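The structure appears right after this line, and notes come after that.
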Amino acid sequence: CSEHKDSSEKKHKDKEKTKHKDGSSEKHKDKHKDKDKEKRKEEKVETSSLKVELCFFACFCSPPRIKDEPDDDGFYASPKEDSKPLKRPREDDEILFILQDSKAKKVKSKDKKVPEADKRKKPKKEEEQKWKWWEEERYPEGIKWKFLEHKGPVFAPPYEPLPENVKFYYDGKVMKLSTKAEEVATFFAKMLDHEYTTKEIFRKNFFKDWRKEMTSEEKSTITNLSKCDFTHMSQYFKAQSEARKQMSKEEKQKIKEENERLLKEYGYCVMDNHKERIANFKIEPPGLFRGRGNHPKMGMLKRRIMPEDIIINCSKDSKIPAPPPGHKWKEVRHDNKVTWLVSWTENIQGSIKYIMLNPSSRIKGEKDWQKYETARRLKKFVDKIRNQYREDWKSKEMKVRQRAVALYFIDKLALRAGNEKEEGETADTVGCCSLRVEHIKLHPELDGQEYVVEFDFLGKDSIRYYNKVPVEKRVFKNLQLFMENKQPEDDLFDRLNTSILNKHLQDLMEGLTAKVFRTYNASITLQQQLKELTNPDDNIPAKILSYNRANRAVAILCNHQRAPPKTFEKSMMNLQSKIDAKKEQLADARRELKSAKADAKVRRDEKSKKTVESKKKAVQRIEEQLMKLEVQATDREENKQIALGTSKLNYLDPRISVAWCKKWGIPIEKIYNKTQREKFAWAIDMAEEDYEF
DNA sequence: TGCATGACTTAGTAAGGAGGAT
DNA sequence: ATCCTCCTTACTAAGTCATGCA
């Protein structure tokens with residue numbers, strides 16, 4: 001590998017041209033992308049053996065696809081329009097009917113069966129008839145809907161000035177703030193107990209943005225944040241939230257009803273003749289930006305979003321939502337190539353925020369299903385791909401070697417792709433392609449193992465990834481090569497980025513990207529673990545423990561962490577004392593049983609026999625209870641710092657879990673709560689016990 | 001081709017609320 | 001009835017990846 005000598009040239013872009021003038025980017029300033037070298041090394045990779053099947057979904061349960069063209073308006077017309085009345089936009093009065101009547105009359109089409117899960121529940125109106133979108137034809141690529149109508153977003157309530165008696169002090173003296181300045185001050189006051197408010201950057205950013213909201217007098221008086229006393233305001237808010245908790249049932253009920261009304265009015269839309277739940281119909285209220293980890297922008301003011309910031313997306317022929325009186329929307333558009341209903345640009349990063357549908361909706365579910373189908377397709381290719389990257393470790397080209405080692409990490413360790421990030425704009429976190437030399441340590445030998453790589457870096461959400469992994473010798477040697485003549489802050493894979501990697505993956509399999517490996521490895525791990533851990537003789541709680549353990553294996557693989565709950569130790573102790581109490585109870589019950597037996601032996605009458613029987617049952621019951629508690633304790637202890645939810649929700653093919661439940665007679669409710677069941681309704685409906693990922 | 005932007009998924013935290021224990 | 005705990009839900013930040021434009 002003759003080119004490795006210049007591998008120390010950096011690929012970071014010239015930071016001079018980026019907008020921040022502070023010194024924060026000094027460190028990487030000298031990095032340039034070596035374009036010429038890249039070009040020279042453009043190479044044709046022999047991938048024909050891996051070339052993809054064109055059929056999008058290979059397996060039998062693949063969603064059907066149709067392939068016709070959209071009409072002039074960009075709307076897709078179903079070839080079987082007449083036989084599919086459901087896909088035709090409804091007339092206004094019909095829509096109204098749907099919006100108002102949550103029991104929307106059952107469509108005449110194929111939805112004859114009531115899903116299993118629904119039978120068990122008392123027939124509640126919402127649950128009665130679920131639309132099985134997964135039994136319908138899908139739209140051609142790109143078209144997301146044909147009809148979309150909604151009521152627009154719900155804005156944050158306007159600011160309510162503090163009562164006169166709540167004071168703000170500056171330098172020990174009472175000071176009355178202008179409404180605007182006061183509002184921003186309350187944001188800080190509400191966070192006073194939070195660690196954020198002690199952080200230098202947070203305080204600096206907050207103060208800078210706060211001053212922008214002040215009147216000129218305020219600005220000239222308030223020059224030092226440390227002299228500001230928000231404690232009285234903070235106490236007021238605490239009292240308020242306390243009072244909220246103490247409210248009477250009636251008052252609470254009233255609030256609940258109001259929320260329900262809001263949800264009913266704004267929480268749903270009509271998309272292609274079906275009423276669908278919206279995920280986040282409320283606009284984010286103003287406040288202070290809470291970036292995660294060491295975020296350079298934490299504490300900045302997140303401004304209030306007005307109707308004039310809002311872009312509405314809906315059908316041309318729908319009832320277009322009205323802006324609040326006296327206001328206008330920024331824009332109303334009719335783009336059926338996207339799934340969002342409302343968008344606005346946020347002022348911290350300048351990125352766009354969206355209002356989209358709930359995970360239970362067709363549009364999200366279809367995509368989710370498709371995601372798992374892609375991962376399943378990878379299963380067929382993965383051996384070839386693995387062989388290929390092993391070969392590539394020997395390549396003459398630096399770029400190919402780096403790509404191959406990175407892919408190995410992504411595959412083996414389920415690392416994220418690692419896009420480049422704009423420096424100084426976000427917390428310094430990395431993924432695979434953006435790993436720097438400082439993030440790994442090479443140990444030719446460690447704890448009796450050869451060729452160990454020690455990873456230590458901050459990943460998404462500034463969650464630390466720490467792992468010591470034995471790797472193959474060739475990988476190790478390559479890493480040594482990649483690190484030669486580099487500074488700690490240089491890129492490990494200086495000839496690689498996610499775009500190059502994904503292009504390569506695309507050549508290996510249609511639709512393959514870096515994240516597919518995470519999905520694939522997560523799901524396949526769950527399946528294997530379930531096979532391995534489930535003991536057919538176990539009772540249900542023990543089987544569920546096995547499930548959780550399998551789930552946990554995945555969460556560990558994906559590095560899904562959580563802060564150990566603050567009350568963890570305490571609740572663990574509580575549980576332990578419960579177990580102890582149960583043990584004593586069991587001992588007592590056993591003693592009682594013994595004496596009852598003795599008694600029965602002497603008396604030999606019916607009554608004492610019955611007593612023995614009931615004592616026996618009691619012992620059994622208590623044993624079971626004890627067992628349950630012990631299982632619970634184990635489960636909780638093992639779960640201390642691991643978050644299971646993320647993998648369950650985003651990485652594990654739900655059909656694996658559904659099949660497992662069916663196979664072992666576990667009620668699905670034990671694995672998925674209500675929300676999760678709604679999200680995975682498609683999987684619950686279609687997976688049989690013999691489902692193989 | 002490279003970069004910015006847009007769209008959409010994945011992520012952890014904290015408030016809220018249901019349900020069990022006292 | 002009240003308290004406490006834990007689960008659920010809401011919230012929104014932070015990723016990934018494709019696309020379109022200079």
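Each chain gets a letter, A, B and so on, in the order its sequence line appears, and its residues count up from 1. Values in this document were obtained by computation on a predicted structure and should not be read as measured data.
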Checklist outcome for this item: In whole angstroms, the gap separating P of C:dA13 from NE2 of A:His295 amounts to 9 Å
Next on the checklist: For A:Arg277, give me all partners under salt bridge (charged side-chain N to carboxylate O under 4.0 Å, His left out), at least two apart in sequence or on another chain.
Outcome noted: none
Identify the pairs formed between an N or O of the protein and an N or O of nucleotides 15-18 of chain C at a distance under 3.5 Å, and give each distance.
{"residue": "C:dG15", "atom": "OP1", "partner": "A:Thr429", "partner atom": "OG1", "Å": "2.8"}
{"residue": "C:dG15", "atom": "OP1", "partner": "A:Asp461", "partner atom": "N", "Å": "3.2"}
{"residue": "C:dG15", "atom": "OP2", "partner": "A:Lys421", "partner atom": "NZ", "Å": "2.9"}
{"residue": "C:dT16", "atom": "OP1", "partner": "A:Ala417", "partner atom": "N", "Å": "3.3"}
{"residue": "C:dT16", "atom": "OP1", "partner": "A:Gly418", "partner atom": "N", "Å": "2.7"}
{"residue": "C:dT16", "atom": "OP2", "partner": "A:Asn419", "partner atom": "N", "Å": "3.0"}
{"residue": "C:dT16", "atom": "OP2", "partner": "A:Asn419", "partner atom": "ND2", "Å": "3.1"}
{"residue": "C:dC17", "atom": "OP1", "partner": "A:Thr513", "partner atom": "OG1", "Å": "2.8"}
{"residue": "C:dC17", "atom": "OP1", "partner": "A:Ala514", "partner atom": "N", "Å": "3.2"}
{"residue": "C:dC17", "atom": "OP1", "partner": "A:Lys515", "partner atom": "N", "Å": "2.7"}
{"residue": "C:dC17", "atom": "OP2", "partner": "A:Asn502", "partner atom": "ND2", "Å": "3.1"}

Checklist entry - At under 4.0 Å, does any side-chain N or O of A:Lys371 touch on OP1 or OP2 of B:dT10? => result yes
Checklist entry - Mind checking what makes side-chain hydrogen bond (donor to acceptor under 3.5 Å, both in side chains) contact with A:Lys144, not counting sequence neighbours? => result none
Item to check | Any residue meeting ring pair (Phe, Tyr, Trp, His ring centres under 6.0 Å) with A:Phe409, in chain and number order, not counting sequence neighbours | outcome: A:Phe455
Next on the checklist: Taking any heavy-atom pair under 4.0 Å as a contact, classify A:Pro285: base, sugar-phosphate, or nothing.
Outcome noted: sugar-phosphate
Checklist entry - Contact class for A:Thr339 (heavy atom, under 4.0 Å): base, sugar-phosphate, or nothing? => result sugar-phosphate
Item to check | Atom-to-atom span, CG of A:Leu263 to P of C:dC11 - whole angstrom | outcome: 11 Å
Next on the checklist: Can you measure A:Met356 atom CE to C:dC11 atom P for me and round it to whole angstrom units?
Outcome noted: 16 Å
Next on the checklist: Output the rounded distance in Å from CH2 (A:Trp369) to P (B:dT9).
Outcome noted: 16 Å
Item to check | Under the salt bridge (charged side-chain N to carboxylate O under 4.0 Å, His left out) test, residues paired with A:Arg290 that sit two or more places apart | outcome: none
Item to check | Atom pair OG (A:Ser657) and CG (A:Leu526), whose distance is rounded to the nearest 0.5 Å | outcome: 5.0 Å
Item to check | Euclidean distance, atom NZ of residue A:Lys679 to atom P of B:dA11 [Å, nearest integer] | outcome: 11 Å
Item to check | Neighbour count above 12 (heavy atom, 6.0 Å) for A:Glu257 CD | outcome: yes
Checklist entry - Which is true for A:Arg464 with a 4.0 Å heavy-atom rule: it touches a base, it touches only sugar-phosphate, or it touches nothing? => result nothing
Checklist entry - Atom CG of A:Asn280 to atom P of C:dC11: distance rounded to whole Å? => result 8 Å
Checklist entry - Any side-chain N or O of A:Lys353 less than 4.0 Å from the OP1 or OP2 oxygen of C:dC11? => result no
Next on the checklist: Applying a 4.0 Å non-hydrogen cut-off, can you work out what A:Lys302 is touching in the nucleic acid: base, sugar-phosphate, or nothing?
Outcome noted: sugar-phosphate
Item to check | Any residue meeting ring pair (Phe, Tyr, Trp, His ring centres under 6.0 Å) with A:Trp340, in chain and number order, not counting sequence neighbours | outcome: A:Tyr354
Item to check | Whole-Å gap separating P (B:dT10) and NE2 (A:His560) | outcome: 9 Å
Checklist entry - Below 4.0 angstrom from OP1 or OP2 of B:dC8, is there any side-chain N or O of A:Lys364? => result no
Checklist outcome for this item: A:Gln561 CD to C:dA14 P, in whole Å, measures 17 Å
Checklist entry - Partners of A:Lys460 by salt bridge (charged side-chain N to carboxylate O under 4.0 Å, His left out), sequence neighbours excluded? => result none
Next on the checklist: Considering every strand and a 4.0 Å limit on heavy-atom distances, what is the contact class for A:Phe289: base, sugar-phosphate, or nothing?
Outcome noted: sugar-phosphate
Item to check | Expected output: side-chain A:Glu276 to main-chain A:Met271 donor-acceptor under 3.5 Å | outcome: no
Could you run down the sub-3.5 Å N/O contacts of the protein with nucleotides 14-22 of chain B?
{"residue": "B:dA14", "atom": "OP1", "partner": "A:His194", "partner atom": "NE2", "Å": "3.1"}

Checklist entry - Hey, which of these two, A:Gln349 or A:Gln676, hits DNA chain C nearer its 5' end, going by closest nucleotide? => result A:Gln676
Item to check | Aromatic plane relationship, A:Trp133 with A:Trp369 - under 30° parallel, 30 to 60° tilted, over 60° perpendicular | outcome: tilted
Checklist entry - If you pin A:Lys367 and A:Ile352 to their nearest nucleotides in DNA chain B, which one's is more 5'? => result A:Ile352
Next on the checklist: I'd like to check the salt bridge (charged side-chain N to carboxylate O under 4.0 Å, His left out) partners of A:Glu258; sequence neighbours left out, ordered by chain and number.
Outcome noted: A:Arg261
Checklist entry - Can you name the residues that form a ring pair (Phe, Tyr, Trp, His ring centres under 6.0 Å) with A:Tyr672, not counting sequence neighbours? => result A:Phe680
Item to check | Residues which pass ring pair (Phe, Tyr, Trp, His ring centres under 6.0 Å) with A:Tyr547, listed by chain and number, not counting sequence neighbours | outcome: A:Trp660
Checklist entry - For DNA chain B, which residues in residues 642-652 of chain A have a heavy atom at a distance below 4.0 Å? => result A:Thr646, A:Asn650, A:Tyr651
